[in-house]
Amino acid sequence: MKRRNMNKTTILMMGILSFTQVSTSLAQTKNKTAIYMNQHKPTSERVQDLLGKMTIAEKAGQLNQINGGAFTGPALNDEGQKGKMDAVASGQVGSMLNVIGVDETMAIQKIAVEKSRLGIPLLFGYDVIHGYKTIFPIPLAEACSWDLPQIEKNSAVAASEASAAGIHWAFAPMCDISNDPRWGRVMEGIGEDPWYGALVSAARVKGTQGDLSNDNLLACVKHFAAYGTVESGREYNFTDVSRFQLWNKYLPPYKAAVEAGAVTVMNGFTTFEGEPVSASKYLITDVLKNKWNFGGFLVSDWNSFGEMVTWGAASDTKEAIYKAFKAGSMMDMETRGMVKFIPELIKEGKITENELNYAVGKILEAKFKLGLFDDPYKFCNKERESNEIFTDGNKSEALKAAEGSIVLLKNDNNVLPLNISQKKIALIGELAASHDDMFDFWIGQGDAKDAISLKEGLENKYKSNVQYAPGYSLDVKSSANYINDAVALANNSDAVVVNIGISGKMAGEDRSLANPIIPENQVELLKALKKTGKPIVAVISAGRPLILTDILPYVDAVIYSWILGTETGNAITNILDGTHNPSAKTVMSFPYAVGQIPVYYNHFNTGRPNPTDDAGNWYSRYRDIPRDPLFPFGFGLSYSTFEYSNLKLNKTFINKNEKLIVTVELKNTGNYDGTEISQLYIRDVAASVIRPVKELKGFQKTLLKKGASTTLTFTIGSKELEYYNMSGDSVLEPGKFEVFVGGNSKDVLSSSFELTK
Ligand code: BGC
């Protein structure tokens, strides 16, 4: 079982320090004059020089990544800390994960640099998913902001904090598209759209890596590829996508991240065309290396090489390593297979030294790029560690990010914003007060105790105007009944804010849910609250879209607050009282019922689409529920209202060298200044293969004063009209295209044009 909060590593500092007290660094003195230690030489020359000096065992050691701290996967190896440090000292380790903090990274780096024969520094990797100590909204929520500069900034802040704590390498961004809210890891991703997912993934890579200076980290594009399609939404399950869907739907975000310069890529745990992806030559060599010219290195996922044996794709670890290596995989997280079997496989002539040099060369190159050979301790700066982490500046970025991520799903009779200073508010819900449940698993060194709960956020701003009752227990097996107290409090108030949903602990890896719903005891609470006749605002916390169909009748407004991080309570308070007018739009559809999953906007038409739910017989639909999701992709309200009119295309025919200009009038028709995220979709009506009923190809975020209007202009060129064939080449086909513009993927204006030959 994984530990949720990755506490300080368990490494025995005393042991490490005595190890490093070897007076003169033998390795350094010996190698000082070597070409690879000469920073004036080009990297390629330094890499070749070093490779020329390394033994096969040392090369295999560079492919070995071992855990040095809290477990983020099953505990498989028991060499103990002394065994691990011995391995580092003898050049048998290229990288460690989960070692954090300047003291610890520095102590271990010293062993690598001073004790190992060639003094090759280690790379320290860590899951910096949505912050290191200042915790930002989960990636899925952040993506709902449609704010690429802020998204880039969030990754940059996370990288700067982690780099100040000795870390070199973030295992992020996760670029896995998913349509399945049963899968707990949707929280880490980009939602269901490949085009927008590509932009977000690229922004995250840029933010993380910057120019690879002192306060950046190497990024790691994961999990290659199509992990988000796990069957039944069940974690680590079989995946099976066609090349048609792979290229058009799943690969674009990874591709964009690679093009943005990501230095590393991580294999997934899953399968492609019947092979574990770690051994998919097609994905790794044909696509990543040859088609996309990826020049960095790959790391496996936690024991994903070893798990090939469990999948039944290799008879033992040696065969798994052989297959994975031959497919193009490189660094081995936690299997210990590369370090053990590569020398044997070379001896047996199954792998050539040239092949090994290629893989090792890529890892060394990354270390050179980061400047670790020139200063292995450049990330070990105590002053930075104490001054640059969890700063007020970083927290204010987290607040902006959180405000921008909150999606307003319902606001009947403009019950929001609430004039809290003039009202008595009943704040109800264990989630509003429980710090423990505010955070998910991937929070680096974030401490939920440091985060502002909704209760604290409201009380800090409005003190005695807010009274609290728990309303329900998050322990659904508990028989305690909190409903009567909550109803009494509601009766004595002007409005109710009820924070429902599921614990942050249920978001992330190994957190699949067959029923992503609002728990029954919370629904019962809402029913009782409804009877009070007071306006009811539901704030819903969850790391995924939950099914809200049953609760909508009992609430006047719904704020979907996801998991927002350090500034949760302040951000939600600013939305509730209107300090910040919500603008986020969901990047995952909210299913109407579990049986609809996967439901997504960019689906195919089928041969029998039903125009309405009661259109007669023989249509593609459900007999018991609507076909459409409860809230579609791109949906989100503002306290203002926006009206779209006058959609115009400048041409009805374009050729492949021309651009189509699409204009539309946007008017703020409400009573508040507000920001609208306008979306442009296309549909390729007839092509050699079927195309989705809508594909997002543009968006704009516009701040409009109340009553103001503006003309939005979008441009469509051949790039937006292409799709991928099964070989991953883009195809542009003449024919009719439809264009849609609106405030979400469903409510749109439409027009059409033709692409001529
Ligand atoms: C996850 C990866 C993560 C790795 C290291 C694995 O279980 O799938 O996303 O980077 O652990 O913590």
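Ligands are counted one by one from 1 in listed order, and the atoms in each one are counted from 1 as well.
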Novice: May I have the step-by-step check of salt bridge (charged side-chain N to carboxylate O under 4.0 Å, His left out) for Glu275 and Lys323, ending in yes or no?
Specialist: CA-CA 10 Å; Glu275 276 180 317; Lys323 286 185 165 177; over 6 Å; no
Novice: List every atom of ligand 1 that sits less than 4.0 Å from any heavy atom of Lys222, numbering the atoms from 1 in the order shown and giving each element.
Specialist: 2 (C), 3 (C), 9 (O), 10 (O)
Novice: Pick one of side chain, backbone, both or neither for how Leu97 approaches ligand 1, counting any non-hydrogen atom pair under 4.0 Å.
Specialist: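 It is the side chain that touches ligand 1; the backbone stays farther off.
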Novice: Is the closest N or O pair between Glu188 and ligand 1 shorter than 3.5 Å?
Specialist: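 No - when backbone and side-chain N and O of Glu188 are compared with those of ligand 1, no distance drops under 3.5 Å.
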Novice: Which ligand 1 atoms are under 4.0 Å away from a heavy-atom of Arg185?
Specialist: 1 (C), 2 (C), 8 (O), 9 (O)
Novice: Do we see a donor-acceptor contact under 3.5 Å between the side chains of Glu192 and Ser589?
Specialist: yes
Novice: Within the 4.0 Å heavy-atom shell around Asp301, which atoms of ligand 1 are there?
Specialist: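 So the answer, numbered in order with elements, is 1 (C), 2 (C), 3 (C), 4 (C), 6 (C), 7 (O), 8 (O), 11 (O).
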Novice: State whether Asp180 and Arg185 are salt-bridged, where the test is any N-O pair (Lys NZ or Arg NE/NH1/NH2 against Asp/Glu carboxylate O) under 4.0 Å.
Specialist: no
Novice: Taking atom types as modelled, find out whether Glu319 and Ser315 have a side-chain donor-acceptor pair closer than 3.5 angstrom.
Specialist: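 Indeed, the side chains of Glu319 and Ser315 share at least one donor-acceptor pair under 3.5 Å.
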Novice: Cut-off 3.5 Å, side chains only: do Ser160 and Arg384 have a donor facing an acceptor?
Specialist: no
Novice: When you check the gap from the basic side-chain N to the acidic O, do Asp286 and Lys281 get nearer than 4.0 Å?
Specialist: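 Judged by the 4.0 Å cut-off on N to carboxylate O distance, Asp286 and Lys281 do form a salt bridge.
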Novice: Got an N/O contact under 3.5 Å between Asn98 and ligand 1?
Specialist: no
Novice: Identify, by atom number and element, the atoms of ligand 1 in contact range of Phe171, meaning under 4.0 Å from any of its heavy atoms.
Specialist: 10 (O)
Novice: Looking only at heavy atoms of Phe269, does any of them come nearer than 4.0 Å to an atom of ligand 1?
Specialist: yes
Novice: Please work out which of the three classes, parallel, tilted or perpendicular, describes the rings of Tyr227 and Trp183, given edges at 30° and 60°.
Specialist: perpendicular
Novice: Below a 4.0 angstrom heavy-atom separation, can you tell me which part of Gln65, side chain or backbone, both or neither, approaches ligand 1?
Specialist: neither
Novice: Of the backbone atoms (N, CA, C, O) and the side-chain heavy atoms from C-beta on, which set of Asp127 has a member under 4.0 Å from an atom of ligand 1: side chain, backbone, both, or neither?
Specialist: side chain
Novice: With a 4.0 Å cut-off on heavy atoms, does Met266 reach ligand 1?
Specialist: yes
Novice: Heavy-atom count check: over 12 atoms from other residues, nucleotides or ligands less than 6.0 Å from Lys318 NZ?
Specialist: yes
Novice: Answer yes or no for Met174: is there a heavy-atom contact with ligand 1 below 4.0 Å?
Specialist: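 No, Met174 has no heavy atom closer than 4.0 Å to ligand 1.
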